Amino acid sequence: MADADWLSERGRDESDWRGMTVACTCVGSMMVDRELFVSAPGKVILHGEHAVVHGKVALAVGLNLRTFLRLRPGKDNGTVEINLPNIGTKLTWKISDLQALVPSFHNSPESKPLGPSPEQLDFLKTFAGFSNGTTDTESLAVLAFLYLYLSICGQALPSLEIVVWSQLPTGAGLGSSAAYSVSIAAALLATSGKISIPAQENIRWTQAELTLINSWAFQGEKVIHGNPSGVDNAVGTWGGALRFQAGEINPIERVPVLEILLTNTCVPRSTKTLVAGVKDKLLKFPGIMEPVLSSINAISEECQRVLQAGVEGLTIEQYSVLEELIDINQHHLNVIGVGHPSLDRLCQATTSHGLHSKLTGAGGGGCAITLLRPDIEPSVVDAVKQELSAYGYQCWRTSIGAPGVSLHSSSMLPEDVTRSFNKA
Ligand SMILES: Nc1ncnc2c1ncn2[C@@H]1O[C@H](COP(=O)(O)OP(=O)(O)O)[C@@H](O)[C@H]1O
Ligand SMILES: C[C@@](O)(CCOP(=O)(O)O)CC(=O)O
Ligand SMILES: [Mg+2]
């Protein structure tokens, strides 16, 4: 896990992550002839995971761990290369071979992004040499890339070299799939002239451009998740804190500073499988499961109310309510079948120190959040961390809220990112 310190600082310093008024310099041509660096944040779901897939409210915030993408024009002008060092994948295709796929993918420039059809996915699997029912890390990442590349750039396939490297653990509940899809969508839209390339690092894309990035990233999430709600790609695009329900994205403009302990149980799991499991349960026991999802909805509503009432600083009573909501939701998430013994152990360990935790993201292992009150003794946090590390878990203290998708200049990239790009 990368050290998140630089980003915690950056997240705190960037007071503009909620304001998105921008002025951009547009590129006239269809292709850029220079490097582009794009990044998108991971996310933490405070409340509403899984329920949000079924139309309930989720509250989610950007995380100070990001996925970075470097795009360069291809060396020989005849190939596309995707290099994914986190998962040890590096693949190259000839543009002439990819060109044959274009008629099955390309949308007209005016049309809205469309989701991948089963036929298109089968087509891509055959092209990339993946077997049909495959759901492994590499094939999902490669299929999502190819889907976005062919759909966005279909008019004139550019020769490119792309490296994507992330500070996020993949498949741990922190929205790495969405950060991956958002950064690829933004880079491909920019390089094909469908959105501008802001002239300076501190200038953001317009709302219309962010909306386009988000809707393409959602299609990438569909390739990876099957049936995503869209909350993760919305946070990856806009950052900050969002209330999300049935595709409606409402930024929460002011949120009190919240400190959390983020813990990765390092138990691998697949969002796609867990989401499908909840759907099966809901179909099997609608009368039992629907009230649980409604209760999770009410938890999200109550949490939002408390956060907005405590914008200037949460009171002790408000912290107590937030802690109770965390406990109730963790029980609900167990009921809908997305708990795991590793998460039970984590909750027991933090409870024994008076702290409250819940899983975040799809569950089944992966990550959990533990709320830290501002007056907590550092010795308590150290003791909890020590206990969790003894289980083989990784934990780090961070604050929530981070900027959404961003363009960078090479000189402004953090050291760990530059190092990883140079090695790739
Ligand atoms: N940096 C990355 N490099 C390659 N693939 C990635 C990267 N980040 C995410 N992915 C893709 O996203 C998948 C993980 O998505 P998911 O199961 O939704 O977990 P989460 O979004 O919680 O990390 C991986 O299996 C992989 O296909
Ligand atoms: C379980 C869910 O609510 C969140 C999944 O997040 P992640 O992929 O585990 O980071 C699914 C979704 O909203 O699409
Ligand atoms: Mg995901």
Side-chain angles (χ1 to χ4, degrees), residues 2 39-60 63 65-70 82-91 130 134-148 162-184 217-218 220-236 242 244-247 262 264 267-279 293 296 300 329 333 336-338 359-369 417 420 424:
S39 77
K43 63 92 221 287
V44 162
I45 298 185
L46 296 178
H47 290 292
E49 45 275 276
H50 289 290
V52 69
V53 177
H54 305 281
K56 310 299 185 207
V57 175
L59 301 180
L63 180 65
L65 293 171
R66 303 179 76 87
T67 293
F68 289 83
L69 179 151
R70 182 185 73 193
I82 179 97
N83 187 347
L84 308 172
N86 296 104
I87 62 168
T89 293
K90 189 172 180 174
L91 293 170
F130 299 131
T134 185
T135 55
D136 66 281
T137 302
E138 175 177 85
S139 57
L140 293 177
V142 170
L143 293 177
F145 169 73
L146 283 174
Y147 181 77
L148 291 174
I162 290 184
V163 184
V164 185
W165 179 80
S166 189
Q167 297 167 323
L168 292 157
T170 46
L174 301 182
S176 79
S177 59
Y180 177 78
S181 298
V182 169
S183 36
I184 290 175
F218 183 48
E221 275 282 83
K222 281 188 189 160
V223 177
I224 297 174
H225 275 200
N227 181 27
S229 65
V231 64
D232 290 7
N233 47 278
V235 179
L242 299 179
F244 183 99
Q245 183 172 25
L262 195 56
N264 187 358
V267 172
R269 80 308 166 276
S270 147
T271 300
K272 194 174 182 165
T273 311
L274 287 149
V275 167
V278 173
K279 188 177 172 193
L293 298 185
I296 293 177
S300 296
N329 199 359
L333 289 161
I336 65 173
V338 298
L359 68 84
T360 187
C367 286
I369 51 172
V417 179
S420 303

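Treat the numbers as computed from the prediction; the structure is a model and nothing was measured. Just so you know, residue 1 is the first one in the sequence shown, and it goes up from there. Whatever order the structure lists ligands and atoms in, that order sets their numbers, starting from 1.
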Open item on the list: Among the N/O/S atoms of His225, which is closest to the Mg ion (ligand 3)? Give the atom name.
Closed with: NE2
Task: Steps toward side chain to side chain contact (heavy atoms under 4.5 Å, CB included) verdict (Thr67, Asn86) - done: CA-CA 10 Å; Thr67 293; Asn86 296 104; over 6 Å; no
TODO: Kindly confirm or rule out an N or O of Thr271 lying under 3.5 angstrom from an N or O of ligand 1.
DONE: yes
TODO: For Ser166, take its heavy atoms, then give the atoms of ligand 1 lying under 4.0 Å from any of them.
DONE: 1 (N)
Task: Best match, Leu143, Thr360, Ile224, Val275: closest heavy atom to atom 11 (C) of ligand 1 - done: Ile224
Open item on the list: Between ligand 1 and Ile87, is the shortest N or O to N or O distance under 3.5 Å?
Closed with: no
Open item on the list: I'd like to know if the side chain of Tyr180 reaches the main chain of Ala141, judged simply by a donor and an acceptor atom lying under 3.5 Å from each other, with no hydrogens or angles considered.
Closed with: yes
Open item on the list: Under 4.0 Å, counting heavy atoms only: does Arg269 come that close to any atom of ligand 1?
Closed with: yes
TODO: Indicate yes or no: at least one non-hydrogen side-chain atom of Leu84 is less than 4.5 angstrom from one of Lys90.
DONE: no
- [ ] Below 4.0 Å from any atom of ligand 2, which residues have a heavy atom? Give them in chain and number order, please.
- [x] Lys43, Ile45, Glu49, His50, Val52, Val53, Gly173, Leu174, Gly175, His225, Pro228, Ser229, Val231, Asp232, Arg269, Thr271, Val275, Gly361, Ala362
Open item on the list: Show the nearest heavy-atom pair for residues Lys272 and His225, with the distance to one decimal.
Closed with: CG-O, 3.3 Å
- [ ] Examine Thr137 against ligand 1 and note whether any of their N/O atoms are separated by less than 3.5 Å.
- [x] yes
Open item on the list: Between ligand 1 and Trp165, is the shortest N or O to N or O distance under 3.5 Å?
Closed with: no
Open item on the list: At a threshold of 2.8 Å, where the distance has to be below it, does the Mg ion (ligand 3) have an N, O or S atom of Thr271 nearby?
Closed with: no
Task: Distance-only N or O hit between ligand 1 and His225, under 3.5 Å - done: yes
Open item on the list: Any nitrogen or oxygen of Ala178 lying under 3.5 Å from a nitrogen or oxygen in ligand 1? Just yes or no.
Closed with: no
TODO: Can you sort out which atoms of ligand 1 are near Asn86, meaning under 4.0 Å from one of its heavy atoms?
DONE: 1 (N)
Task: Where Leu140 and Val223 come nearest, the two heavy atoms and their spacing - done: CD2-O, 3.8 Å
Open item on the list: I'd like to know whether ligand 1 has Gly173 as a neighbour, heavy-atom separation below 4.0 Å.
Closed with: yes
Open item on the list: I'd like to check Ser183 versus Phe68 (side-chain heavy atoms, cut-off strictly below 4.5 Å). Are they in contact?
Closed with: no
Task: Nearest non-hydrogen partners of Pro85 and Val163, listed with the distance - done: CD-CG1, 3.9 Å
- [ ] With heavy atoms of Leu174 as the reference, note each atom of ligand 1 found under 4.0 Å away.
- [x] 22 (O)
Task: Side-chain donor/acceptor of Gln167 to backbone N/O of Arg66, under 3.5 Å - done: yes
TODO: May I ask you to identify, for Leu168, whether its side chain, its backbone, both or neither come under 4.0 Å of ligand 1 on a heavy-atom basis?
DONE: neither
Task: Atom of Lys43, atom of Gly175 and distance for their closest heavy-atom approach - done: NZ-N, 3.6 Å
- [ ] Under the side chain to side chain contact (heavy atoms under 4.5 Å, CB included) rule, what do Ile162 and Leu69 come out as? Steps first, then yes or no, please.
- [x] CA-CA 7 Å; Ile162 290 184; Leu69 179 151; 3.9 Å; yes
Open item on the list: Contact between ligand 1 and Thr67 is defined here as a heavy atom of the residue under 4.0 Å from a ligand atom; is it met?
Closed with: no
Open item on the list: I'd like to know if the side chain of Gln245 reaches the main chain of Gly55, judged simply by a donor and an acceptor atom lying under 3.5 Å from each other, with no hydrogens or angles considered.
Closed with: yes
Open item on the list: Quick check: do Asp232 and Glu221 have side-chain heavy atoms less than 4.5 Å from each other?
Closed with: yes
Open item on the list: Pairs of nitrogen or oxygen atoms closer than 3.5 Å, one from Ala141 and one from ligand 1: do any exist?
Closed with: yes
TODO: Go through Glu49 and Leu359 one step at a time and tell me if the side chain to side chain contact (heavy atoms under 4.5 Å, CB included) criterion holds.
DONE: CA-CA 9 Å; Glu49 45 275 276; Leu359 68 84; 4.1 Å; yes
Open item on the list: Test side chain to side chain contact (heavy atoms under 4.5 Å, CB included) on Asn233 and Ser181; report intermediate values, then the result.
Closed with: CA-CA 8 Å; Asn233 47 278; Ser181 298; 5.9 Å; no
- [ ] Return a yes/no value for Thr170: is any of its N or O atoms, backbone included, closer than 3.5 angstrom to an N or O of ligand 1?
- [x] no
Open item on the list: Donor-acceptor check, side chain of Asn329 to backbone of His47, threshold 3.5 angstrom: yes or no?
Closed with: no
